[in-house]
Amino acid sequence: MARKSSLLKQTLIFSACTILIIYAFFNTFLSSSTAAATAGISAKTSSLFAEQISRENLEEFPVKVTGNDKKVRVFMYDLPKKFTTGIIESHALARGSSDLSKYPGSDPVYSDEKMQDELVEWLEEQEYWRRNNGRDHVVFAGDPNALYRVLDRVKNAVLLLSDFGRVRNDQGSLIKDVIVPYSHRINVYNGDIGVEERKTLLFFMGNRYRKDGGKIRDLLFQMLEKEEDVVIRHGTQSRENRRTATRGMHTSKFCLNPAGDTPSACRLFDSIVSLCVPLIVSDSIELPFEDVIDYRKIAIFVDTESSLQPGYLVRMLRAVSTEKILEYQKEMRAVKRYFVYGDSNGTVNEIWREVAQKLPLIQLMINRDKRLVKKDSTEPDCSCLCTNQSAPITSL
């Protein structure tokens with residue numbers, strides 16, 4: 001029971017972070033006199049956040065665009081406590097915790113829906129949001145359920161999403177938004193490339209029963225659980241299961257990555273940092289940083305229909321040569337940093353690099369909004385286009 005409570009607390013903290021980290025950012029096209037918020041950081045696209053700046057010295061802070069040396073000013077809202085640590089306090093009270101010495105003055109009843117409404121109401125009162133109707137904001141909504149109740153009210157912002165599984169076409173797109181990786185949940189594999197210690201052909205450990213596109217998991221379980229050299233297990237998040245998954249991924253040649261409740265799942269990024277070649281069965285998956293990563297070099301894609309043909313997956317994987325597996329591993333090792341949030345040249349840097357690429361579109365939409373007299377609300381916004389609805393081609 002203690003382990004379950006610990007997991008719930010970790011999940012809550014992660015959810016709070018993904019839902020509540022809201023940035024206002026101001027690019028080289030916008031005048032520094034309109035810059036906003038109580039705290040700020042500046043970042044080059046080639047390095048992590050470089051230096052702290054304040055509202056007082058903002059006017060003197062230079063913004064240069066010379067070749068690839070582009071600085072993007074990023075300012076983070078100072079959110080009221082109830083939207084940060086207050087969530088943890090209220091959740092602890094709602095679950096009957098008796099040790100709340102760290103969290104005085106909490107509301108004993110917590111409602112996620114109410115908190116979403118209050119958060120957006122607070123945001124809509126901010127002059128910086130109202131100025132451009134949120135166009136120059138970035139909202140981190142990495143969990144598939146993050147801000148589900150109020151997404152229509154923040155959809156003008158650049159959304160940082162794990163996929164578009166629960167996002168309508170008029171809410172999000174590859175043009176406007178940024179696909180971000182889940183934080184991997186198992187230990188990074190720090191060994192060398194090789195297959196000698198990887199005795200298992202294909203490994204999967206996760207929840208067998210999912211909704212929507214994830215229903216394929218049960219079908220794959222039925223097909224694969226009796227195959228030789230294949231380890232496929234049902235398991236939910238726990239400390240022991242994470243240890244088991246770490247051992248499994250670190251000692252397997254291929255790792256199965258089927259769709260979950262939405263097209264993406266954290267397991268893909270666990271596979272990559274384990275140098276376990278991902279076998280992706282998810283027809284509508286979107287992938288992070290695809291402008292610089294060719295995923296065909298680090299993963300195998302199989303469409304859902306083909307994957308359900310008896311014997312198809314195992315025959316295909318057994319035909320992959322050792323040399324090809326080593327090529328996959330070498331490429332995964334080369335891009336591993338892109339999926340490590342704690343790396344100073346890793347995930348966070350790449351997210352802001354992609355946000356910086358959205359700046360011309362943001363300025364276009366701001367200017368366009370100002371001159372439009374009337375909009376047809378039934379038509380999708382021109383910034384919300386290009387989501388993936390087709391199955392990927394099987395590739396080796």
Side-chain angles (χ1 to χ4, degrees), residues 3-4 6-15 17-18 142-144 162-163 179-208 210 214 217 220-221 224 229-282 285 287-289 293 295 298-300 325 328-344 346-348 350:
R3 181 178 299 168
K4 183 176 180 182
S6 175
L7 176 60
L8 284 169
K9 187 173 183 179
Q10 293 174 20
T11 303
L12 177 68
I13 294 171
F14 176 76
S15 300
C17 291
T18 56
D143 188 278
S162 58
D163 59 41
I179 298 296
V180 300
Y182 286 93
S183 177
H184 59 84
R185 297 184 180 181
I186 69 171
N187 297 332
V188 175
Y189 178 75
N190 293 315
D192 203 354
I193 63 174
V195 297
E196 293 79 9
E197 303 300 321
R198 295 179 180 268
K199 305 300 184 183
T200 301
L201 176 69
L202 179 65
F203 177 82
F204 174 85
M205 185 172 181
N207 198 324
R208 176 171 182 166
R210 307 303 292 184
R217 289 191 180 187
L220 290 172
F221 259 83
L224 294 170
D229 297 335
V230 172
V231 175
I232 183 164
R233 297 176 179 171
H234 172 75
T236 55
Q237 286 294 328
S238 72
R239 186 176 302 172
E240 181 57 36
N241 283 345
R242 284 196 294 275
R243 283 196 289 261
T244 302
T246 297
R247 289 193 297 268
M249 288 189 171
H250 289 186
T251 57
S252 300
K253 299 178 181 72
F254 301 95
C255 286
L256 179 63
N257 291 273
D261 291 340
T262 63
S264 65
C266 64
R267 193 165 293 97
L268 169 61
F269 310 106
D270 290 340
S271 302
I272 293 172
V273 301
S274 298
L275 301 189
C276 181
V277 183
L279 174 62
I280 299 175
V281 184
S282 180
I285 195 170
L287 298 166
F289 318 132
I293 297 176
Y295 280 85
I298 65 173
I300 298 172
I325 294 173
Y328 281 125
Q329 291 179 344
K330 183 178 179 180
E331 292 292 336
M332 283 190 286
R333 186 172 62 180
V335 301
K336 187 165 62 172
R337 68 174 179 84
Y338 287 85
F339 309 104
V340 181
Y341 277 87
D343 190 321
S344 60
T347 307
V348 175
E350 294 303 313

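This is a predicted model, so every value here is computed, not measured.
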Any sub-3.5 Å donor-acceptor pair from [X]'s side-chain atoms to [Y]'s backbone N or O?
| X | Y | answer |
| --- | --- | --- |
| Q329 | C276 | no |
| N257 | L268 | yes |
| T244 | E240 | yes |
| S162 | G142 | yes |
| K253 | R198 | yes |

Are the side chains of [X] and [Y] in touch, meaning some heavy atoms are under 4.5 Å apart?
| X | Y | result |
| --- | --- | --- |
| I280 | I285 | yes |
| R217 | F204 | yes |
| P288 | Y295 | yes |
| Y328 | I300 | yes |
| M332 | V277 | yes |
| F254 | L201 | yes |
| T246 | N187 | yes |
| V335 | I298 | yes |

Inter-residue atom distance [X].[atom1] - [Y].[atom2], 0.5 Å rounding:
| X | Y | atom1 | atom2 | answer |
| --- | --- | --- | --- | --- |
| N241 | H234 | CG | NE2 | 9.0 Å |
| L202 | L256 | CG | CG | 5.5 Å |
| R247 | M205 | CZ | CE | 9.0 Å |
| L275 | N190 | CG | CG | 9.0 Å |
| L224 | I232 | CG | CD1 | 5.0 Å |

| Which salt bridge (Lys or Arg N to Asp or Glu O under 4.0 Å) pairs, counting each pair once, include a residue from residues 330-342, with sequence neighbours left out? |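 Qualifying pairs, neighbours excluded: D192-R333, R337-E350.
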
To check you understand the geometry: which heavy-atom pair defines the closest contact between [X] and [Y], and what is its length?
| X | Y | value |
| --- | --- | --- |
| F203 | S252 | CB-OG, 3.2 Å |
| M249 | C255 | CG-SG, 3.6 Å |
| S274 | H250 | OG-CD2, 3.4 Å |

| field | H184: partners by ring-ring contact (aromatic ring centres under 6.0 Å, His included), with sequence neighbours left out | value | none

| said: Over 60° means perpendicular and under 30° means parallel, so tell me whether Y338 and F289 are parallel, tilted or perpendicular. | reply: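 The rings of Y338 and F289 sit tilted, inter-plane angle from 30° to 60°.
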
| said: I want to know whether Y182 and F339 have ring centres closer than 6.0 Å. | reply: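 No, they do not, as the ring centres are separated by 6.0 Å or more.
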
| query | Looking just at side-chain N and O atoms, do T262 and D163 make a donor-acceptor pair shorter than 3.5 Å? | reply | yes

| task | May I have the step-by-step check of side-chain contact (heavy atoms from CB on, under 4.5 Å) for R185 and D270, ending in yes or no? | result | CA-CA 6 Å; R185 297 184 180 181; D270 290 340; 4.2 Å; yes

